[in-house]
Structure formats: structure tokens, C-alpha cells
2 protein chains.
Amino acid sequence: MEAIPCTIEKALNIIGNKWSFLVLKELYVDKRRFNELLRAINGISPNALTTTLKHLEKNNIVTRTVFPTVPVTVEYELTEKGIAFHKVLKEMKKWGAEWGDK
Amino acid sequence: MEAIPCTIEKALNIIGNKWSFLVLKELYVDKRRFNELLRAINGISPNALTTTLKHLEKNNIVTRTVFPTVPVTVEYELTEKGIAFHKVLKEMKKWGAEWGDK
DNA sequence: TTATATGGTTACAAATAGTAAGTTAATTAA
DNA sequence: TTAATTAACTTACTATTTGTAACCATATAA
């Protein structure tokens with residue numbers, strides 16, 4: 001008996017975890033490189049970022065592009081699906097701003 | 001050097017975890033008892049529900065009311081802060097419905 | 001007498017997440 | 001010439017979190 005996940009559950013599984021929200025938040029501003037994300041997201045470790053980005057890539061939320069520079073440059077950018085999630089983050093930001101300290 | 005959390009991070013910390021979203025989803029319909037939530041939320045265990053509800057109560061997202069029946073009845077209900085979060089869940093649901101299978 | 005219901009708790013195992021260091025290869029600084 | 005730096009990760013290990021299963025008191029119903 002497999003349980004059919006509800007829409008919310010499905011969305012949460014696609015996004016992954018807490019770090020995903022913060023990665024997405026950065027990518028809404030502009031595409032970013034691995035170490036840019038590492039520096040921008042407070043408290044994230046390299047392996048947490050690797051796992052998060054791989055998960056987001058697998059779920060078509062971000063694309064990963066490698067440029068053969070020396071050293072190599074890797075850029076992460078939102079897909080249409082990823083951009084569409086911005087509405088959720090905007091509401092979350094609004095809620096956090098209004099209720100975050102109450 | 002303590003890092004100041006961004007608004008999104010703050011919101012995520014207040015909500016807690018994945019289960020919180022699913023508990024809130026149930027409570028938007030109506031107030032619920034512990035075992036009602038346990039049955040309604042697929043895959044949640046008693047201790048996960050306990051932890052989640054305690055966290056939500058601590059953060060003023062839900063209220064906990066005990067009725068001295070036999071056996072005891074405990075009702076969980078959303079606060080104004082909890083109700084306000086509905087906008088976020090609505091957007092998440094919309095996104096999940098549109099992009100969940102792509 | 002056995003089962004069911006309430007709202008949890010407890011002990012333990014399993015899974016996940018975080019920490020610190022290392023990797024390859026080239027470039028730059030002393 | 002040697003050491004440090006940068007890029008984008010990986011690896012090994014530990015710590016924390018999560019999940020599983022059983023249990024608790026009390027009372028009513030079958």
C-alpha cells in the first residue's frame with residue numbers, strides 16, 4: 001500500500017531541505033558559482049551545498065553549466081520550474097518580515 | 001561573530017521542519033486532536049508529531065487546549081500567526097500542482 | 001477478560017547532517 | 001624555489017536528528 005503524497009508533500013520533496021530554499025533565494029538574484037553560493041549562504045558546508053545542488057539539478061530546478069577555464073568554472077542557474085517557485089519564497093519572506101519577531 | 005539570519009531563514013526556523021507544513025495544512029481545514037492529526041498525516045510517528053506540535057506551540061503558530069474528558073481530549077488550533085502562513089502554503093500547493101510532475 | 005480509545009513517552013536503531021581535511025591542476029606571491 | 005591561493009568538489013569521521021516499536025494510565029465497551 002503505497003501512499004499517494006499530497007501536493008504540499010510533493011512540493012517539499014522536490015525542493016528537498018532547508019538549504020534548498022536558501023540556495024534558491026540566492027539564484028533569484030542571479031546565476032552563481034559554487035564558491036559564490038558557499039560564501040553567500042551562511043553556515044552551509046561544501047558537502048551540504050553539493051548535495052543540495054545535485055538534488056535541485058535532478059529535479060530540474062537548476063541547471064549546471066561547466067566552463068573549461070583553469071580552474072574550471074561551474075555556473076548554477078534557475079530553470080523555468082525554479083523561477084516559478086519564487087512566488088512561494090516571496091510569500092515566505094513577507095510572512096517572515098511580518099511575524100518573524102512575534 | 002553571530003550571523004544575522006535572513007528573513008527566509010527566520011521563517012524556516014519558526015516553522016521547523018517538513019512535518020510542520022503538513023500539520024499546518026490539516027489545521028487550515030479545522031482544529032484537530034492529536035490522534036486525528038496522526039491518522040491524517042501519512043507517515044508521521046507519535047514522537048514526530050509531539051515534537052512538531054511542541055515546536056509550533058512554542059513559536060505561537062498553534063494553541064493547545066486540554067479538555068478534562070475521559071480519556072482526555074487535546075485540541076490544536078491555529079493562531080493568527082499560523083493562519084497568516086496559509087498564503088505560503090497556498091502558493092506551494094499551486095506550484096506543486098503545476099510543476100510537481102515535470 | 002480482552003480490546004479499544006485517549007495523548008502521549010521511552011529506549012533503541014537507523015539515517016541524515018555537519019566538521020575538518022584532502023584532492024587536482026594551474027596561477028600568483030615572496 | 002617554495003608556499004599559498006583558487007576552483008569545485010570528495011572523503012572519512014563524528015554528531016545530531018529521525019524513525020520504529022513498544023509501552024504507559026485510565027476508562028468504557030463487547
Side-chain angles (χ1 to χ4, degrees), chain A residues 1-3 5-6 8-9 12-24 26-27 30-59 61-78, chain B residues 1-3 5-6 8-9 12-24 26-27 30-59 61-78:
Chain A
M1 275 177 252
E2 276 287 310
C6 71
I8 295 286
E9 212 178 331
L12 290 169
N13 291 339
I14 293 169
I15 294 306
N17 60 17
K18 174 193 155 179
W19 294 122
S20 294
F21 286 89
L22 301 170
V23 166
L24 291 178
E26 288 303 316
L27 294 181
D30 203 359
K31 60 191 169 203
R32 294 241 183 283
R33 285 179 291 124
F34 187 88
N35 281 328
E36 284 178 336
L37 289 169
L38 205 56
R39 283 188 291 266
I41 301 166
N42 197 346
I44 199 167
S45 67
N47 59 3
L49 184 54
T50 299
T51 307
T52 302
L53 287 170
K54 275 184 184 163
H55 177 91
L56 291 174
E57 201 197 344
K58 205 180 81 185
N59 287 278
I61 310 282
V62 305
T63 55
R64 179 180 187 271
T65 312
V66 183
F67 297 94
T69 51
V70 168
V72 74
T73 301
V74 181
E75 264 181 15
Y76 294 92
E77 194 168 2
L78 291 172
Chain B
M1 271 175 254
E2 277 287 312
C6 71
I8 295 285
E9 211 176 331
L12 290 169
N13 290 339
I14 293 169
I15 294 304
N17 60 17
K18 173 195 156 177
W19 295 122
S20 297
F21 286 89
L22 300 172
V23 167
L24 291 179
E26 288 304 316
L27 294 181
D30 202 359
K31 60 191 169 200
R32 295 238 182 283
R33 284 177 293 123
F34 186 88
N35 281 327
E36 285 179 334
L37 289 170
L38 205 56
R39 283 188 292 263
I41 301 166
N42 197 347
I44 200 168
S45 67
N47 60 0
L49 184 55
T50 299
T51 308
T52 303
L53 287 169
K54 275 183 181 162
H55 178 90
L56 291 174
E57 200 195 345
K58 206 180 84 187
N59 286 278
I61 310 280
V62 305
T63 56
R64 179 181 187 270
T65 313
V66 183
F67 298 94
T69 52
V70 169
V72 74
T73 301
V74 182
E75 265 181 12
Y76 294 92
E77 195 166 5
L78 291 171

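Lettering follows sequence order; numbering is per chain, from 1.
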Novice: Could you tell me whether the phosphate oxygens of C/dT6, OP1 or OP2, come under 4.0 Å of any side-chain nitrogen or oxygen in B/N35?
Specialist: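 Yes, B/N35 has a side-chain N/O under 4.0 Å of OP1/OP2 on C/dT6.
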
Novice: Do the side chains of B/T52 and B/L37 get nearer than 4.5 Å, heavy atoms only?
Specialist: no

Novice: Rounded to whole angstrom units, what separation is found between the NZ atom of A/K18 and the P atom of D/dT16?
Specialist: 16 Å

Novice: Using whole Å, what does the distance between atom P of nucleotide C/dG7 and atom CD1 of B/I44 come to?
Specialist: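 So the two atoms are 14 Å apart, to the nearest Å.
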
Novice: Nearest to the side chain of A/N47, which nucleotide is it out of D/dG19, D/dC9, D/dT10?
Specialist: D/dT10

Novice: Measure the shortest side-chain to side-chain distance between A/L49 and A/W19 over non-hydrogen atoms and say whether it is less than 4.5 angstrom.
Specialist: no

Novice: Checking all strands, does A/Y76 fall into the base, sugar-phosphate, or nothing category for heavy-atom contacts under 4.0 angstrom?
Specialist: sugar-phosphate

Novice: Looking at B/K54, I'd like to know whether one of its side-chain N or O atoms comes within less than 4.0 Å of OP1 or OP2 on C/dT9.
Specialist: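 It does, given that an N or O in the side chain of B/K54 lies less than 4.0 Å from OP1 or OP2 of C/dT9.
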
Novice: Write down the distance between CZ (B/F34) and P (D/dC24), rounded to a whole number of angstrom.
Specialist: 18 Å

Novice: Are A/L53 and A/F34 packed together at the side-chain level, in the sense that at least one heavy-atom pair is separated by less than 4.5 angstrom?
Specialist: yes

Novice: Using a cut-off of less than 4.0 Å, is there contact between a side-chain N or O of B/W19 and OP1 or OP2 of D/dT18?
Specialist: no

Novice: Quick one: is C/dT6 close enough that its OP1 or OP2 comes under 4.0 Å of any side-chain N or O from B/R39?
Specialist: yes

Novice: Start at the 5' end of DNA chain C and walk down; is the nucleotide closest to A/P71 or to A/A48 reached first?
Specialist: A/A48

Novice: One pair to check against side-chain contact (heavy atoms from CB on, under 4.5 Å): A/I44 and A/L22. What are the steps and the verdict?
Specialist: CA-CA 10 Å; A/I44 199 167; A/L22 301 170; over 6 Å; no

Novice: Taking the side chain of A/T50 as its heavy atoms from C-beta onward, which of C/dA17, D/dG19, D/dC9 lies nearest to it?
Specialist: D/dC9

Novice: Picking from C/dT6, C/dG8, D/dA8, which would you name as closest to the side chain of A/V74?
Specialist: D/dA8

Novice: Which pair of non-hydrogen atoms, one from A/V74 and one from A/V66, has the smallest distance, and what is that distance?
Specialist: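 For A/V74 versus A/V66, the nearest heavy atoms are CG2-CG2, 4.3 Å.
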
Novice: Between A/R33 (CZ) and D/dC9 (C1'), how many Å, whole number?
Specialist: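 It works out to 14 Å between those atoms.
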
Novice: Output the rounded distance in Å from CG (B/L49) to P (D/dT18).
Specialist: 14 Å

Novice: Atom CG of B/N17 and atom C1' of C/dA15: how far apart are they, to the nearest Å?
Specialist: 15 Å

Novice: Which whole-number value in Å describes the distance from B/E36 CD to C/dG7 P?
Specialist: 8 Å

Novice: Would you indicate what B/T73 reaches in the nucleic acid, counting non-hydrogen atoms under 4.0 angstrom: base, sugar-phosphate, or nothing?
Specialist: sugar-phosphate

Novice: Whole Å only: how far is the CZ atom of B/F67 from the P atom of D/dA27?
Specialist: 20 Å

Novice: Base, sugar-phosphate or nothing for A/R32? Non-hydrogen atoms, less than 4.0 Å.
Specialist: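 No contact at all - A/R32 keeps every heavy atom at 4.0 Å or more from the nucleic acid.
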
